[in-house]
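Numbering starts at 1 and runs along the sequence shown.
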Amino acid sequence: MSGPIAMDGPLSSYAAGFHAELLAKGYCGRTAGRQVMLFGQLSGWMQTTGLAAHALTPQQVAAFLDFLTPEAYRQQWTHQQSATPPTLP
């Protein structure tokens with residue numbers, strides 16, 4: 001992954017640092033990119049639910065993981081066109 005990381009939501013300002021930290025810890029570029037995509041999905045979900053970065057709790061993470069179940073994921077993205085997954089260059 002090169003260039004700026006484009007994503008929306010309350011975690012967007014942390015995306016580049018998160019990516020850099022993953023690479024520094026030895027993640028290959030492709031794996032780091034996938035983790036950043038998941039991070040972007042979390043950020044987008046937080047934006048649609050009105051959750052600020054400082055308000056993220058283990059319970060909120062559990063709710064996000066429930067959202068990621070295949071059926072819930074399809075329903076959410078089908079019905080909420082305003083919340084789009086992040087675009088990575």
Taking all heavy atoms of Met46 and all of Pro10, pick out the closest pair and write down the distance. CB-CG, 3.6 Å
Within this structure, what is the CD-OG1 distance for the pair Gln60 and Thr57, rounded to the nearest 0.5 Å? 4.5 Å
Ser43 pairs by side chain to side chain contact (heavy atoms under 4.5 Å, CB included) with which of Leu11, Asp8, Leu38? Leu11
Could you give the distance from CG (Leu68) to CH2 (Trp45), rounded to the nearest 0.5 Å? 9.5 Å
Pairwise distance NE2(His19) to CD(Gln35) - rounded to 0.5 angstrom: 10.5 Å
Looking at Tyr27, I'd like to know if its OH atom is crowded, meaning that more than 12 non-hydrogen atoms belonging to other residues, nucleotides or ligands lie closer than 6.0 Å. no
Between Thr31 (side chain only) and Cys28 (backbone N and O only), is there a donor and an acceptor less than 3.5 Å apart? no
For Phe64 and Gln41, what are the C-alpha separation, side-chain angles and deciding distance, and is it a side chain to side chain contact (heavy atoms under 4.5 Å, CB included)? CA-CA 9 Å; Phe64 170 69; Gln41 289 176 329; 4.1 Å; yes
Give the ring-plane orientation class for Phe18 versus Phe39, where under 30° counts as parallel, over 60° as perpendicular and anything between as tilted. parallel
Here the pair of heavy atoms bringing Met7 nearest to Ala15 is CE-CB, 3.5 Å
